[in-house]
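Everything below concerns the one structure shown next.
Here the structure is a predicted model, which is why all the values come from computation and not from measurement.
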Amino acid sequence: SPLTTQLEYYVGYIEGIQKAARQKGVDVVVVDSQWDAAKQESDIRSFIETGVDAIICSPVDPETIGAVLQEAETAGIAVIVEMTYVAGVTPLVATDQFAGGRLAGEYAGEWMSAHCEGVFEVAILDFPYFKNIIDRVDGFIEGLRKTCPQAQIVADVDAQAKMETARAATLNILEDHPGVRCVFGVNDDSAKGANAAFHTLGLDTSSVCVVGFDADEGCRRLIAGDEYIKASVAADTDIIGAVCVE
């Protein structure tokens with residue numbers, strides 16, 4: 001039960017699960033929650049009624065999904081949560097979100113120290129509802145302060161982790177803070193939205209640093225293509241998917 005199948009990260013993650021499952025002779029049923037917490041809860045209840053052996057869940061809303069996941073555990077179904085901590089439910093399969101954010105912040109700070117003069121304004125395209133995202137942002141801030149202490153975070157906005165909303169949010173930020181030349185997107189779709197916003201303004205790609213998180217295939221192409229996105233923290237979806245199946 002992924003929270004969506006529309007983000008490239010989750011496409012790769014599901015492929016990682018399916019690949020590992022095939023090697024072990026395990027059947028996998030994927031149901032798209034479509035970012036809808038109520039639909040995800042209904043999907044999980046259907047899994048319980050069907051009597052599946054295990055449920056791998058990437059929560060849409062970790063605050064509300066815990067009860068039904070605990071019901072699954074009580075019914076003797078193994079529950080594995082991916083990436084986003086849910087109170088009272090274990091195990092959790094995740095990368096070190098704080099350390100990943102710190103890597104992003106260190107990179108952004110190094111880039112700004114090398115490319116900016118006088119103005120060191122940074123914006124964060126946030127999605128501050130999940131602990132893993134909060135940890136990413138906290139890590140980013142620590143890494144940024146380490147490598148560019150003069151940097152100022154002038155905007156931290158909820159861009160909903162989606163490309164179109166991130167594009168609009170970035171344009172709004174740049175209206176209020178035209179000096180922003182560094183943007184951290186808490187996932188790659190946020191970073192892609194920022195990339196599109198800077199294209200709208202027509203700034204030189206060498207004068208802007210957008211950093212993403214997950215390093216999905218589309219983001220890697222943009223980095224290789226000399227775009228505004230300069231880096232993204234890589235998550236190996238094959239490994240994450242395989243560990244969930246294990």
Side-chain angles (χ1 to χ4, degrees), residues 2-16 32-35 58 60 83-84 95 97 100-101 103-105 107-108 111-112 115 121-130 132-137 139-140 143-144 153-178 180-237 240:
L3 60 89
T4 178
T5 59
Q6 303 309 306
L7 295 182
E8 277 194 65
Y9 168 83
Y10 279 103
V11 172
Y13 158 72
I14 292 164
E15 288 174 354
D32 187 352
S33 297
Q34 301 171 8
W35 297 89
S58 307
V60 176
M83 205 56 72
T84 302
T95 52
Q97 302 293 292
L103 281 174
Y107 182 95
W111 186 92
M112 292 190 77
H115 294 85
E121 293 186 345
V122 181
I124 297 173
L125 299 176
D126 212 332
F127 190 49
Y129 307 106
F130 299 167
N132 57 314
I133 301 296
I134 292 167
D135 287 348
R136 288 179 194 182
V137 172
F140 175 82
L144 182 68
I153 297 171
V154 297
D156 183 341
V157 302
D158 178 8
Q160 300 176 24
K162 298 175 184 177
M163 200 180 309
E164 275 309 307
T165 49
R167 177 183 176 276
T170 304
L171 289 172
N172 288 337
I173 289 168
L174 291 170
E175 252 186 60
D176 295 334
H177 304 281
V180 167
R181 291 296 177 270
C182 182
V183 175
F184 175 51
V186 294
N187 68 342
D188 280 344
D189 270 39
S190 299
K192 291 170 192 170
N195 192 77
F198 280 110
H199 266 294
T200 301
L201 299 177
L203 297 176
D204 191 317
T205 56
S206 65
S207 69
V208 174
C209 176
V210 176
V211 181
F213 204 105
D214 290 334
D216 66 32
E217 186 177 341
C219 192
R220 289 171 191 250
R221 283 197 300 269
L222 290 170
I223 294 168
D226 190 31
E227 293 274 347
Y228 299 102
I229 299 180
K230 299 296 188 290
S232 183
V233 179
D236 193 321
T237 51
I240 294 168

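Contact record, Ala215 with Ser232: N-OG, 2.9 Å, taken as the closest heavy-atom pair. Counting all heavy atoms, side chain and backbone alike, Gln160 lies closest to Asp158 at N-OD1, 2.9 Å. Scanning all heavy atoms of the two residues, the minimum distance from Gly212 to Phe184 falls at O-CE1, 4.1 Å. Heavy atoms only, all atoms of each residue included: Ser33 and Val60 are closest at CB-CG2, 3.8 Å. Shown here for Phe213 and Gly100, the closest heavy-atom pair between the two residues is CE1-C, 3.5 Å. For Val211 against Ala104, the heavy-atom pair with the smallest separation is CG1-CB, 3.7 Å.
In this structure, CG in Leu125 is found 5.0 Å from CD1 in Ile173, a value given to the nearest 0.5 Å. From Phe198, atom CZ reaches atom CG of Asp204 across 12.0 Å, with rounding to the nearest 0.5 Å. In this structure, CG on Asp188 lies 6.5 Å from CD1 on Ile229, to the nearest 0.5 angstrom. From Ser206, atom OG reaches atom NZ of Lys230 across 7.0 Å, with rounding to the nearest 0.5 Å. Annotation: the span from Asn195 atom CG to Ser190 atom OG amounts to 12.5 Å, rounded to 0.5 Å. Thr84 contributes atom OG1, which lies 7.0 Å from atom CG of Leu3 (distance to the nearest 0.5 angstrom).
Taking the side chain as every heavy atom from C-beta outward, Met112 and Cys182 approach each other to under 4.5 Å. Put simply, the side chain of Val183 does not reach to within 4.5 Å of the side chain of Ile124, judged on heavy atoms. Looking at heavy atoms from C-beta onward, Glu15 lies in side-chain contact with Val11 at the 4.5 angstrom threshold.
There is no side-chain donor-acceptor pair under 3.5 Å between Asp189 and Tyr9.
Asp126 places no side-chain N or O within 3.5 Å of a backbone atom of Val157 that could act as its donor or acceptor partner. Using modelled atom types, one side-chain atom of Arg136 and one backbone atom of Val186 make a donor-acceptor pair closer than 3.5 Å. Panel note: side chain Thr4, backbone Gln6; a donor-acceptor pair is recorded below 3.5 Å. At distances below 3.5 Å, at least one donor-acceptor pair connects side-chain atoms of His115 with backbone N or O atoms of Trp111. Although no hydrogens or angles enter the test, the distance criterion places no donor-acceptor pair under 3.5 Å between the side chain of Glu164 and the main chain of Lys162.
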Report the C-alpha distance between Glu8 and Lys192 in whole Å, list the side-chain angles of each, state the deciding distance to 0.1 Å, and finish with yes or no for salt bridge (charged side-chain N to carboxylate O under 4.0 Å, His left out).
CA-CA 12 Å; Glu8 277 194 65; Lys192 291 170 192 170; 3.0 Å; yes
Can Asp214 and Leu7 be said to form a side-chain contact (heavy atoms from CB on, under 4.5 Å), step by step?
CA-CA 11 Å; Asp214 290 334; Leu7 295 182; over 6 Å; no
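Not counting sequence neighbours, the partners of Leu171 by the side chain to side chain contact (heavy atoms under 4.5 Å, CB included) test are Arg167, Ala197, Thr200, Leu201. Take Asp32 and apply the salt bridge (charged side-chain N to carboxylate O under 4.0 Å, His left out) test, not counting sequence neighbours, and it matches no residue.
Evaluated for a side chain to side chain contact (heavy atoms under 4.5 Å, CB included) with Arg181, the options Leu203, Val122, Val210 yield exactly one hit, Leu203.
Under the 30°/60° scheme for interplanar angles, the aromatic rings of Phe127 and Phe130 are found to stand perpendicular. Between Tyr228 and His199, the ring planes lie perpendicular to each other; the angle is over 60°, past the 30° to 60° tilted range.
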